**Q** 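This is the structure I have questions about; it appears just below.
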Amino acid sequence: MALVLHDTLSGRRQPLASIVPGKLGLYVCGVTVYDRCHIGHARSLVFFDMLVRYLRFAGYEVTFVRNITDIDDKIIKRAAEETIPSAELASRYIGTFRADVAALGCLQPDVEPRATDHIPEMLDLIARLEKRGIAYASGGDVYCSVARIKDYGKLSKRKLEDLIAGARVEVGERKREGLDFALWKAAKPGEPFWESPWGPGRPGWHLECSAMSTRYLGQPFDLHGGGEDLIFPHHENEIAQSEGATGRAFARRLTAKHDPLDFVLWKAARADEPDEAKWESPYGLGRPGWHIECSAMATSLLGETIDIHGGGDDLIFPHHENEIAQSEGATGTPFVNHWVHHAFVRINEEKMSKSLGNFLTIEEVLKRVPAEVLRLFLVATHYRSPVDFSDQSLIDAQRACARLHEALARIEEKLGAQLDVPRSGARSPDVGALATSVRPFHEQFVAAMDDDLNSARALGVVFDEVREINRLLDAGVDLQAIAEHHGNLSRLGAILGVLRHPAAGYLEAEKGRRLAGAGLDPAEIERLIADRAAARRAKDFKRGDAIRDELLARGIVLKDSASGTTWSVVDS
RNA sequence: GGCGGCGUACCCAAGUGGCUAAGGGAGAGGUCUGCAAAACCUCGAUGCAGCGGUUCGAAUCCGCUCGCCGCCUCCA
């Protein structure tokens, strides 16, 4: 049994190799707590939960660390909007986050560090970078000099030149090349315009600053500033224009950064920011940049080289790239052995995200379906493929989930107290100890999961076992094998995040939930069932069928058996 | 423009060189049942976006075309 995991850095599947035999450290980038979590976050939570459960099942002693980012521009901004302290806003959304994690049935991480509790470690890391000449302080900010980083871009497969020139530039109809930018724009009908040798028009955006700065300050002038968002393309283009026109240097220093690609390690405090978002440092009051917290927490909790580090695809660049730059820059040793990134949840073929506004919160979805259904839906697709959310796929998952539980419920009804309830988080049993009829399912499941956590294939194995169980139950023989299947299916299901509780409980809870949703009264249903039973005893099948049809029309489906009639609510 | 990825049945989704292309949902036929429901059995892609190529052999490798998505800006 050898687990192979895809590694983002090498771009290949690699056998999982732990630094300390039998032990694994896993660091996952968690959430920034400024809003509720959506089902994209659920995918991350569920995927890493499955990874941890499987690693433990495979016999590893796992230290699972997932951080909480509780200081950040967005938190400060939201808190200011609501006129509350940023710590209060953060603590509110830590609360909703933990409630979501619990509702999804995810394991708690072993350590859940918060950025604000690790400021000293961050400052220490920055000091080490400064000592090595990689970080530089500038006006109260501290930046990481990307040019001093060997192999910068190795994770996200980017070249420095591409990054400089690359920004998002659309090719207009009249551009010769994608990067060309407008100096003067021809006027469209109705637009204000000025006469020029090229006809009526108006200046391009960048030109005005070149012109005005030169008029009032000359060229070159000392210091040119602006927000970070202006570095590219605005300031880049100002330089191009001015220096291209005059052959002289434009400005001696452009903003606080020495190079547009440098990223901030420490941000100088600003007057408009609240006091609780300011910390003392050798560079004056300020707060950490986004990336430094993860480097500091990961290395202080798990060591300078950690086994596995993960997150969503969108974190590869720049977040994880910069974590590598900082961490390796400071320590001189490899930061992470395995980089694991999962794809997104999409909705209508588009990435679900807060900025697009097309998200469903975890809470909203869990009002519609049990957590196990959402988990089943999420693990039915391999983690490196995008998963498209739709009402139909949620309904499909709901039916599939019912199929799993019904099979287990049949066993529980038949064998009841004879069954061992395996503890979730159980390790893989010795394969030789398994009954011959369950062994192939166990082995195939493990083979699928060992193959880069192929939960979709593993789920297929689970359903194969369900069919086998139903066959055995229909035949009514080999109770011992049936009991072992129950244990096996429960253990395997638990890794995928389903079947962790007695199946009858799930089915009852589902029934109650749907009944409440449909506004039906169980007492009335029981009364009609009693009427029908009486009619059937009297061989009045016509009347009996009429009652059944009436109930069916209201969403209640009956199931006759030797021991009486049971009922359930049809899928919505 | 740079980089990365995707396109498999009515829907979702595994499969990345070689047995009959997993599994779930929906559908059709059958067994069981007074009739149903559930379960079980059987049937659904001679074909994997299209076109070429490599190979004894390709959904799987290579090239081109079409369609779609992600990252490059805060993002799981």
Side-chain angles (χ1 to χ4, degrees), chain A residues 8 11 28-32 34 37-48 72-74 77 153 156-159 161-163 165-171 175 177-179 228-229 232 290 310-319 341-346 349-356 376-377 380-382 384-388 390 392-404 406-407 410 444 448 451 454-464 466-467 469-471 473-475 536 539 541-542 544-545 548-549 552 557-561 565-568 570-571:
Chain A
T8 311
V28 176
C29 287
V31 292
T32 300
Y34 72 103
C37 291
H38 55 64
I39 55 178
H41 299 106
R43 183 173 204 193
S44 181
L45 293 169
V46 165
F47 168 66
F48 286 110
D72 163 90
D73 289 350
K74 291 188 294 294
K77 182 161 168 263
S156 51
K157 313 286 181 277
R158 283 162 164 78
K159 297 191 193 94
E161 316 79 271
D162 294 342
L163 283 168
R168 80 182 36 150
V169 179
E170 268 131 55
V171 183
K175 287 181 184 178
E177 288 177 57
L179 288 176
E228 283 188 17
D229 51 345
F232 188 88
W290 173 37
D313 273 347
D314 50 354
L315 295 180
I316 295 172
F317 188 87
H319 186 51
H341 293 95
H342 64 262
F344 306 119
V345 175
R346 304 194 308 187
E349 310 258 298
E350 212 176 36
K351 175 181 170 183
M352 176 180 290
S353 75
K354 285 180 183 160
S355 42
L356 292 170
L376 192 71
F377 164 69
T381 302
H382 183 82
R384 288 192 291 113
S385 297
V387 50
D388 238 305
S390 71
Q392 187 55 48
S393 42
L394 207 58
I395 290 169
D396 290 351
Q398 197 167 11
R399 302 234 165 112
C401 201
R403 178 169 161 81
L404 293 179
E406 275 161 13
R410 283 181 76 188
Q444 285 167 36
D451 185 10
N454 193 333
S455 55
R457 206 167 97 207
L459 188 60
V461 175
V462 165
F463 279 103
D464 286 339
V466 164
R467 180 179 296 112
I469 286 170
N470 280 322
R471 266 196 281 249
L473 284 163
D474 283 355
R536 291 175 74 214
K539 300 279 185 217
F541 293 120
K542 207 168 181 181
D545 290 351
R548 195 188 61 225
D549 292 344
L552 187 60
V557 58
L558 301 183
K559 181 181 173 184
D560 297 325
S561 73
T565 299
T566 58
W567 55 275
S568 59
V570 297
D571 298 307

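Convention: sequence-line order gives letters A, B, ...; per-chain numbering from 1. Owing to the predicted nature of the structure, the values given are computational and were not obtained by experimental measurement.
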**Q** Are any of the side-chain nitrogens in A:Asp313 or A:Arg384 under 4.0 Å away from the carboxylate oxygens of its partner?
**A**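 No, A:Asp313 and A:Arg384 are not salt-bridged.
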**Q** Is it true that the NZ or CZ of A:Arg43 lies under 6.0 Å from the centre of A:Phe344's six-membered ring and within 45 degrees of the ring axis?
**A**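 Because its charged atom misses either the 6.0 Å distance or the 45° angle limit, A:Arg43 does not stack over A:Phe344.
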**Q** Heavy-atom nearest nucleotide on RNA chain B for A:Asp464 versus A:Thr32: which residue maps closer to 5'?
**A**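 The residue whose closest nucleotide sits nearer the 5' end is A:Asp464.
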**Q** Would the distance check show the side chain of A:Arg403 and the main-chain N or O of A:Cys401 forming a donor-acceptor pair, the cut-off being under 3.5 Å?
**A**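 No; judged by distance alone, with no hydrogens or angles, the pair does not exist.
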**Q** Looking only at atom C1', what distance separates B:C48 and B:A9, rounded to whole Å?
**A**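 One C1' to the other, the span is 10 Å.
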**Q** Mind checking the C1' distance from B:U8 to B:U60? Whole angstroms is fine.
**A**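 Each nucleotide's C1' atom is 11 Å from the other's.
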**Q** Reckon A:Leu473 touches a base, only the sugar-phosphate, or nothing at all at heavy-atom distances under 4.0 Å?
**A**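 Nothing, no heavy atom under 4.0 Å.
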**Q** Run the salt bridge (charged side-chain N to carboxylate O under 4.0 Å, His left out) test against A:Asp560 and tell me which residues pass, sequence neighbours left out.
**A**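 For A:Asp560, the residues satisfying salt bridge (charged side-chain N to carboxylate O under 4.0 Å, His left out) (neighbours in sequence not counted) are A:Arg532, A:Arg536.
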**Q** What's the base orientation of B:G44: syn (chi within 90° of 0) or anti?
**A**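 Classified syn.
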**Q** Under 3.5 Å for both donor-acceptor distances, Watson-Crick or wobble: does B:A22 have a partner, and if so which one?
**A**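 Looking at the geometry, B:A22 pairs with no nucleotide.
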**Q** Going by the rule side chain to side chain donor-acceptor pair (under 3.5 Å), which residues pair with A:Ser390 if we only count those two or more places apart in sequence or in a different chain?
**A**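 If we apply the side chain to side chain donor-acceptor pair (under 3.5 Å) test to A:Ser390, skipping adjacent residues, the hits are A:Ser393.
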**Q** Using whole Å, what does the distance between atom C1' of nucleotide B:G70 and atom CZ of A:Arg43 come to?
**A**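 After rounding, the reported distance stands at 13 Å.
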**Q** Could you tell me which residues satisfy side chain to side chain donor-acceptor pair (under 3.5 Å) with A:Arg410, sequence neighbours excluded, listed by chain and number?
**A**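 Checked A:Arg410 against side chain to side chain donor-acceptor pair (under 3.5 Å); matches are A:Asn470, A:Asp474.
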**Q** Does the structure show a Watson-Crick or G-U wobble partner for B:G47, both distances under 3.5 Å? Name it, or say none.
**A**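 Base partner found: none.
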**Q** Which residues satisfy the side chain to side chain donor-acceptor pair (under 3.5 Å) test with A:Thr32, sequence neighbours excluded?
**A**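 Per chain and number, A:Thr32 pairs via side chain to side chain donor-acceptor pair (under 3.5 Å) with no residue.
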**Q** Taking atom C1' of B:C71 as reference, at what distance in whole Å does atom CZ of A:Phe317 sit?
**A**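 Interatomic distance, CZ of A:Phe317 to C1' of B:C71: 9 Å.
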**Q** How long is the line joining CG of A:Leu394 and P of B:A26, in whole Å?
**A**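 Interatomic distance, CG of A:Leu394 to P of B:A26: 14 Å.
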**Q** Checking all strands, does A:Gly40 fall into the base, sugar-phosphate, or nothing category for heavy-atom contacts under 4.0 angstrom?
**A**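 It contacts base atoms.
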**Q** Distance under 6.0 Å and angle within 45° of the ring axis: does A:Lys354 meet both against A:Tyr34?
**A**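 Judged by the rule (NZ or CZ under 6.0 Å from the ring centre, within 45° of its axis), A:Lys354 counts as positioned above A:Tyr34.
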**Q** Base, sugar-phosphate, or nothing: which does A:Lys351 touch, judged by heavy atoms less than 4.0 Å apart?
**A**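 Result for A:Lys351 = base.
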**Q** Take atom NE2 of A:His341 and atom P of B:G5, then tell me their distance rounded to the nearest Å.
**A**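 Nearest whole value for this atom pair: 15 Å.
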**Q** If we take the P atom in both B:A13 and B:C69, what is their distance in whole Å?
**A**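 Per the computed distance, 16 Å lies between those P atoms.
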**Q** Take nucleotides 34-44 of chain B nucleotide by nucleotide from the 5' end and write B, S or -, depending on whether a protein heavy atom sits under 4.0 Å from the base, only from the sugar-phosphate, or from neither.
**A** BBBBSSSS---
**Q** Looking only at atom P, what distance separates B:G1 and B:G17, rounded to whole Å?
**A**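 So the two P atoms sit 33 Å from each other.
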**Q** Looking for any heavy atom pair under 4.0 Å, which part of the strands does A:His38 touch: base, sugar-phosphate only, or nothing?
**A**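 Base, at least one base atom sits under 4.0 Å.
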**Q** Among all residues two or more places apart in sequence or in another chain, which pass the salt bridge (charged side-chain N to carboxylate O under 4.0 Å, His left out) test with A:Lys77?
**A**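 A:Glu81.
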**Q** Restricting to salt bridge (charged side-chain N to carboxylate O under 4.0 Å, His left out), what partner residues turn up for A:Asp451, sequence neighbours left out?
**A**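 Here the qualifying residues are A:Arg13, A:Arg457.
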**Q** Could you please name the partner base of B:G34, counting Watson-Crick and G-U wobble pairs only when both distances are under 3.5 Å?
**A**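 Result: none.
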**Q** Considering Watson-Crick and G-U wobble pairs with both distances under 3.5 Å, what does B:U16 pair with?
**A**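 Across all strands, not a single nucleotide pairs with B:U16.
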**Q** Taking any strand in view, what nucleotide pairs with B:G1 in a Watson-Crick or G-U wobble way, both distances under 3.5 Å?
**A**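 B:G1 is paired with B:C72.
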**Q** Where along nucleotides 10-21 of chain B does protein come under 4.0 Å, by heavy atom, of base (B) or sugar-phosphate alone (S), with - for untouched nucleotides?
**A** -B-SSS------
**Q** Between B:C66 and B:C51, how far apart are the P atoms? Round to whole Å, please.
**A**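 Straight-line distance between the two P atoms is 15 Å.
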**Q** Write down the partner of B:U60 under the Watson-Crick or G-U wobble criteria, each distance required to be under 3.5 Å.
**A**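 Answer to the pairing question: none, since B:U60 forms no Watson-Crick or G-U pair.
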**Q** Across all strands shown, which nucleotide pairs with B:A28 by Watson-Crick or G-U wobble geometry, both distances under 3.5 Å?
**A**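 WC or wobble partner is B:U42.
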**Q** Rounded to whole angstrom units, what separation is found between the CZ atom of A:Phe344 and the P atom of B:C68?
**A**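 It is 20 Å, rounded to the nearest whole Å.
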**Q** How would you list, by chain and number, every residue that makes a salt bridge (charged side-chain N to carboxylate O under 4.0 Å, His left out) with A:Arg471, sequence neighbours excluded?
**A**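 Partners of A:Arg471 by the salt bridge (charged side-chain N to carboxylate O under 4.0 Å, His left out) criterion, ordered by chain and then number, come out as A:Glu468.
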**Q** In the structure shown, which nucleotide is the Watson-Crick or G-U wobble counterpart of B:U55, with both distances under 3.5 Å?
**A**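 Its partner is none (no Watson-Crick or G-U wobble pair with both distances under 3.5 Å).
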**Q** On a whole-Å scale, what distance lies between the C1' atoms belonging to B:C11 and B:C64?
**A**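 Nearest-Å result for B:C11 against B:C64 at atom C1': 31 Å.
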**Q** Say we look at B:G50 and B:A14: how far apart would their C1' atoms be, to the nearest angstrom?
**A**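 After rounding to an integer number of Å, I get 24 Å for this pair.
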**Q** With P as the reference atom in both, quote the distance from B:U16 to B:A49 in angstrom, rounded to an integer.
**A**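 Their P atoms lie roughly 15 Å apart.
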